[in-house]
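Worksheet: one structure, shown below.
Positions are given from 1, in the same order as the sequence printed here. Each ligand, and each atom within it, is numbered from 1 in the order the structure gives. Keep in mind that the numbers below use all heavy atoms, side chains included, and drop hydrogens, waters and symmetry copies.
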Amino acid sequence: MLLDGQGPLCAQVYRGLRNAIVQGDFAPGTRLPATRDVAVDLRISRSTVLLAYEQLVAEGYAVGRRGSGTYVADTPAQPALVRAVAPAADRTPRLSRLGAGLVGERRLPLESGYIGARRTHRWDFRYGMPSLAEFPLDAWHRSLGRTARRAAHRAYDYGSPQGSPALRAALATYLGQARGVRCSPDHIVIVSGSQQALDLTARVLLDRGDRVAVEEPGYEGARQAFRAVGARLVPAPVDAEGLDPATLPPARLAFVTPSHQYPLGGVLSWPRRSALLAWASRHQAWVVEDDYDGEYRFDGPPIPPLKALDSDARVLYVGTFSKVMFPSLRIGYLVCPPGLVDAFARMRLVADGGGPQLEQEALADFIARGTFARHVRRSRHRSGERRRMLVDALNEALGDRLVVSGANAGLHVAVWLPGVPAREAVPIARRASAAGIGIYPIAPYYLIPPRHEGFILGYGALPVAEIRTGVKRLAGVFAGSA
Ligand SMILES: Cc1ncc(COP(=O)(O)O)c(C=O)c1O
């Protein structure tokens with residue numbers, strides 16, 4: 001048997017044998033060569049061959065007879081129906097326009113997962129990551145264990161597509177107390193991370209060609225979700241107070257990050273909040289409020305979320321546990337205007353049939369016991385220390401060369417290099433990378449490229465001491481760039 005050299009060895013052995021059976025080289029009922037012999041012939045391990053044989057048996061091409069070997073099935077698959085299998089690389093799949101547009105899309109990097117193949121830096125000012133090392137794993141394990149132990153058999157049935165009632169009840173209490181969002185558990189839809197909330201929103205509320213106002217610069221995850229349904233994105237420039245509703249054209253929906261504009265960090269001011277709600281009422285438009293890191297607010301008086309001021313039921317409030325617990329949990333939530341709940345719950349059914357229930361129940365336990373609120377308090381305190389350290393170190397080492405913005409909330413700041421043209425950003429980031437420092441240019445967050453360059457510096461996961469050293473080294477890189 002010849003191997004085609006494509007992909008894993010066991011897949012090659014499987015394909016070689018399957019093609020031989022389909023083409024009639026092995027007649028029905030004949031015994032396939034002993035796995036030991038195949039392994040010796042091909043100079044590969046016997047366990048690899050066994051895996052290939054198991055696959056043939058599982059698919060009905062062969063049957064195993066205890067103690068006597070593996071035989072070609074009496075009625076093997078018909079050659080006319082199943083042609084010899086080419087290795088996947090030889091086939092060019094025909095995709096939808098959306099699917100084809102996604103292949104190789106640089107703005108959706110597959111290695112952007114934090115365990116991905118991307119290069120790791122000793123001082124990685126990567127945006128958005130909470131400190132996993134400080135997450136109370138033991139308490140989380142106890143919630144998982146308790147939940148799993150007390151789960152009756154019916155807990156293993158399909159759950160509500162709207163999400164676990166226990167989690168929705170715990171969230172309604174938490175959101176009322178911590179964020180001033182008063183809502184009934186019936187108006188909450190649990191989602192698989194806030195990204196799913198955006199995907200469902202696009203599918204439930206938008207048609208091809210609808211205009212969607214997005215902050216400029218802004219969040220690519222939202223843009224991708226709206227683009228996927230053929231919406232037309234209208235960039236709405238932001239300043240230190242967020243986007244300006246006075247300049248917003250009519251649109252079907254506006255996507256905003258009012259507590260901490262992503263990525264520049266401005267906080268949407270009171271007057272602009274009420275102007276945005278008035279704009280939504282005037283145009284019968286929806287406002288998607290992404291409160292992705294609302295738990296991390298350090299300075300200034302708290303401003304209630306738009307949802308807390310939403311007397312006309314135009315706001316969809318989106319939150320996530322990615323920044324305050326850990327991103328692989330993939331649990332977020334959407335507080336819907338009451339009239340939208342049914343459509344969102346059913347769209348969730350269409351999307352993936354609803355989320356895993358046990359983790360949701362464990363999270364409900366974690367919140368109801370107060371562990372979550374304690375963890376939020378601690379994280380906010382530690383992130384505040386990191387933020388102070390970063391801003392002080394930047395001012396000390398580079399104060400005359402850069403301007404810091406968006407430092408009163410969240411897990412990142414934006415830094416601007418006045419007078420440095422945007423084209424310098426990538427070379428600077430490369431030099432920083434060679435010195436072991438990860439910094440990330442701001443240009444990819446813009447639909448229309450900015451004139452001056454800036455960087456996003458995340459500090460959520462870096463130990464305080466490392467922040468100071470990292471900034472010192474960064475100053476060396478900038479000095480070399482003068
Ligand atoms: C603006 C914004 N919203 C939401 C999220 C979180 O997304 P998810 O809940 O899907 O992990 C992020 C994460 O980076 C973000 O930057």
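With ligand atoms numbered from 1 in the order given, ligand 1 contributes 10 (O) to contacts under 4.0 Å with heavy atoms of Gln195. Set against the non-hydrogen atoms of Ser322, the atoms of ligand 1 under 4.0 Å away are 8 (P), 9 (O), 11 (O). Residue contact check: Tyr262 has heavy atoms under 4.0 Å from atoms 1 (C), 16 (O) of ligand 1. Taking every heavy atom of Thr320 and a limit of under 4.0 angstrom, the matching atoms of ligand 1 come to 8 (P), 9 (O). Applying the 4.0 Å criterion to heavy atoms of Asp290 picks out, from ligand 1, the atoms 1 (C), 2 (C), 3 (N), 4 (C). Those atoms of ligand 1 that come under 4.0 Å of a heavy atom in Gly193, given as number and element, are 9 (O), 10 (O).
Taking the six-membered ring for Trp and the full ring otherwise, the centers of Phe125 and Phe455 sit at least 6.0 Å from each other. Here Tyr445 and Tyr262 bring their ring centres to under 6.0 angstrom of each other. Ring-centre distance between Tyr292 and Tyr219: not below the 6.0 Å cut-off.
Using a 4.0 Å cutoff on heavy atoms, Gln196 does not count as a contact of ligand 1.
Other residues, nucleotides and ligands contribute more than 12 heavy atoms inside 6.0 Å of the CZ atom of Arg150.
Listed for the Lys323 side chain is no donor-acceptor partner under 3.5 Å among the backbone atoms of Asp293. Of the possible polar contacts, one joining the Arg273 side chain to the Pro304 backbone as a donor-acceptor pair under 3.5 Å is found.
By the 30° and 60° cut-offs, the orientation of the rings of His412 relative to His260 is tilted.
By the criterion of a heavy-atom distance under 4.0 Å, the side chain of Tyr127, and not its backbone, is placed next to ligand 1.
Heavy-atom proximity to atom 10 (O) of ligand 1, evaluated over Gln261, Arg330, Glu215, is greatest for Arg330.
Considering both main-chain and side-chain atoms, Tyr292 never comes within under 3.5 Å of ligand 1 through any nitrogen or oxygen pair.
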